[in-house]
Protein chains: 2
Amino acid sequence: MVKQRVRGSTTGRPIMALLDLLGRRWVLRLVWEMRDEPRRFRELQDAIGASPTIVNARLADLREAKLVELDPESGYRLTALGGELLRLFLPLHIWSEKWAKVARPK
Amino acid sequence: MVKQRVRGSTTGRPIMALLDLLGRRWVLRLVWEMRDEPRRFRELQDAIGASPTIVNARLADLREAKLVELDPESGYRLTALGGELLRLFLPLHIWSEKWAKVARPK
DNA sequence: GGGACATGCTACATATTATGTAGTAAAATC
DNA sequence: GATTTTACTACATAATATGTAGCATGTCCC
């Protein structure tokens, strides 16, 4: 699964590449599931309820992006870089509670 | 396109619903393209390079989530709520530059 | 009033991506 | 050496996105 360019972008600007990566199905959920501690492949699979095929593919994307790494001892975990990204996302948790009161998304 | 439940989640927790919405293809890009000013349907379509079918579907998702609204005078724009979400995302812009130096994602 | 244009949006055949289920291979544990 | 746990792959089916064409409404302009 080799791609020559950033999906959906001709600019190659980092923010576009990042939004593209984060916009792939299950990527945000995977990062979220790893927020507290390392998780095993099957744990992640069960937690998000996706097929092993796609869990594996997305973990590969995240590892290539240096956001996630596999520690054989403990499982998949966020890298230092991945941890930084997660911290940027943490405010979403609180905000989502407020948002849920206004909108009821499908 | 009616769904009974939040995709990929049985909990219904707001953060899961939010991550699900933001994880749909083109959603993050669409929000990003509206960051500065309202954009027309075709502008958005051209900017992100997706098909009108899916642009329309994602705009519908975003409108239903009260993050985006259509002003006939100026085009699609972020709601107050959508603006709040965007502000939470702005740090990503700077961070992505740093990230790009370390990882070269496909 | 009639043509040109911009608007949001739909139709639909094709291509891409995800699912669901089964299974492989290697290492650890009993 | 058999069972269990581990990451991961195969592959047929289903869901989703693409690409292209076009519709319907409104406004501008002569």
Side-chain angles (χ1 to χ4, degrees), chain A residues 1-10 16 19-31 33-34 37-65 67-79 105-106, chain B residues 1-10 16 19-31 33-34 37-65 67-79 105-106:
Chain A
M1 196 231 272
V2 177
K3 292 194 179 177
Q4 302 312 316
R5 252 192 17 230
V6 170
R7 188 184 71 179
S9 173
T10 50
M16 297 303 179
L19 293 178
D20 172 59
L21 176 62
L22 299 181
R24 292 179 201 171
R25 200 167 178 182
W26 302 122
V27 164
L28 286 171
R29 273 297 304 275
L30 282 169
V31 170
E33 292 299 331
M34 285 179 255
E37 54 195 0
R39 309 292 297 271
R40 289 291 175 188
F41 187 94
R42 280 192 166 77
E43 278 187 288
L44 290 170
Q45 195 189 318
D46 292 347
I48 73 178
S51 67
T53 315
I54 206 64
V55 170
N56 190 43
R58 287 302 108 89
L59 284 173
D61 290 344
L62 284 166
R63 291 165 85 176
E64 189 174 18
L67 299 177
V68 164
E69 63 193 359
L70 173 56
D71 171 29
E73 303 304 309
S74 57
Y76 286 96
R77 67 183 177 199
L78 298 175
T79 61
K106 291 293 181 341
Chain B
M1 196 231 271
V2 177
K3 290 195 178 176
Q4 303 310 317
R5 250 190 21 227
V6 170
R7 188 185 70 178
S9 172
T10 51
M16 297 305 179
L19 293 179
D20 171 58
L21 176 62
L22 299 182
R24 292 178 202 171
R25 200 168 179 181
W26 302 121
V27 163
L28 287 172
R29 273 298 302 276
L30 282 170
V31 171
E33 292 298 331
M34 287 179 255
E37 55 195 0
R39 308 294 296 271
R40 290 291 174 187
F41 187 93
R42 281 191 165 78
E43 277 187 290
L44 290 170
Q45 196 189 315
D46 291 348
I48 72 177
S51 67
T53 316
I54 207 64
V55 170
N56 189 42
R58 287 302 110 85
L59 285 173
D61 291 343
L62 284 166
R63 291 165 84 176
E64 189 174 17
L67 299 177
V68 164
E69 65 194 357
L70 173 56
D71 171 28
E73 304 304 310
S74 57
Y76 285 96
R77 66 184 177 199
L78 298 176
T79 61
K106 292 294 178 347

For B:Leu70 and C:dA6, give me the distance from atom CG to atom C1', rounded to whole Å. 14 Å
Atom CG of A:Asp61 to atom C1' of C:dA18: distance rounded to whole Å? 13 Å
For B:Leu30 and C:dG8, what is the distance between atoms CG and C1' respectively, to the nearest whole Å? 15 Å
Round to the nearest Å and state the distance from A:Glu69 atom CD to D:dA7 atom C1'. 16 Å
Between atom CZ in B:Arg77 and atom C1' in C:dT7, what is the gap in whole Å? 17 Å
Tell me: CD1 of B:Ile54 to P of C:dT16, nearest whole Å? 16 Å
Assuming nearest nucleotide by heavy-atom distance, tell me which of A:Glu43 and B:Val55 is located more 5' along DNA chain D. A:Glu43
Give me the atom names and distance for the closest heavy-atom approach of B:Arg29 to B:Ala47. NH2-O, 3.2 Å
Is B:Arg42 touching bases, backbone alone, or none of the nucleic acid, heavy atoms closer than 4.0 Å? base
For B:Arg77 versus B:Asp71, what's the shortest heavy-atom pair and its separation? NH1-OD2, 3.3 Å
Check every strand shown and say whether A:Arg39 touches a base, only sugar-phosphate, or nothing at a heavy-atom separation below 4.0 Å. nothing
Of all heavy-atom pairs linking B:Phe41 and B:Pro52, the shortest is CZ-O, 3.7 Å
Report yes if a side-chain nitrogen or oxygen of B:Arg25 is closer than 4.0 Å to either non-bridging phosphate oxygen (OP1 or OP2) of C:dT16; otherwise report no. no
Quickly work out the A:Gln45 CD to D:dA7 C1' distance and round it to whole Å. 10 Å
Considering only side-chain heavy atoms of A:Pro52, which listed nucleotide, D:dT18, C:dG8, C:dA22, is closest? C:dA22
Contact summary for B:Leu28 and B:Leu22, nearest pair of heavy atoms: CG-O, 3.5 Å
Compare side-chain N and O positions of B:Arg40 against OP1 and OP2 of C:dA6 and report whether any pair is under 4.0 Å apart. no
Is the phosphate of C:dT19, meaning OP1 or OP2, less than 4.0 Å from a side-chain N or O of A:Trp26? yes
Please report the distance, rounded to the nearest Å, between CG in A:Asn56 and P in C:dT21. 19 Å
Sorted by first residue and then second, give each salt bridge (charged side-chain N to carboxylate O under 4.0 Å, His left out) pair with at least one member in residues 38-48 of chain A; sequence neighbours left out. A:Glu33-A:Arg39, A:Arg39-A:Glu43
Does D:dT16 have OP1 or OP2 sitting under 4.0 Å from an N or O in the side chain of B:Arg24? no
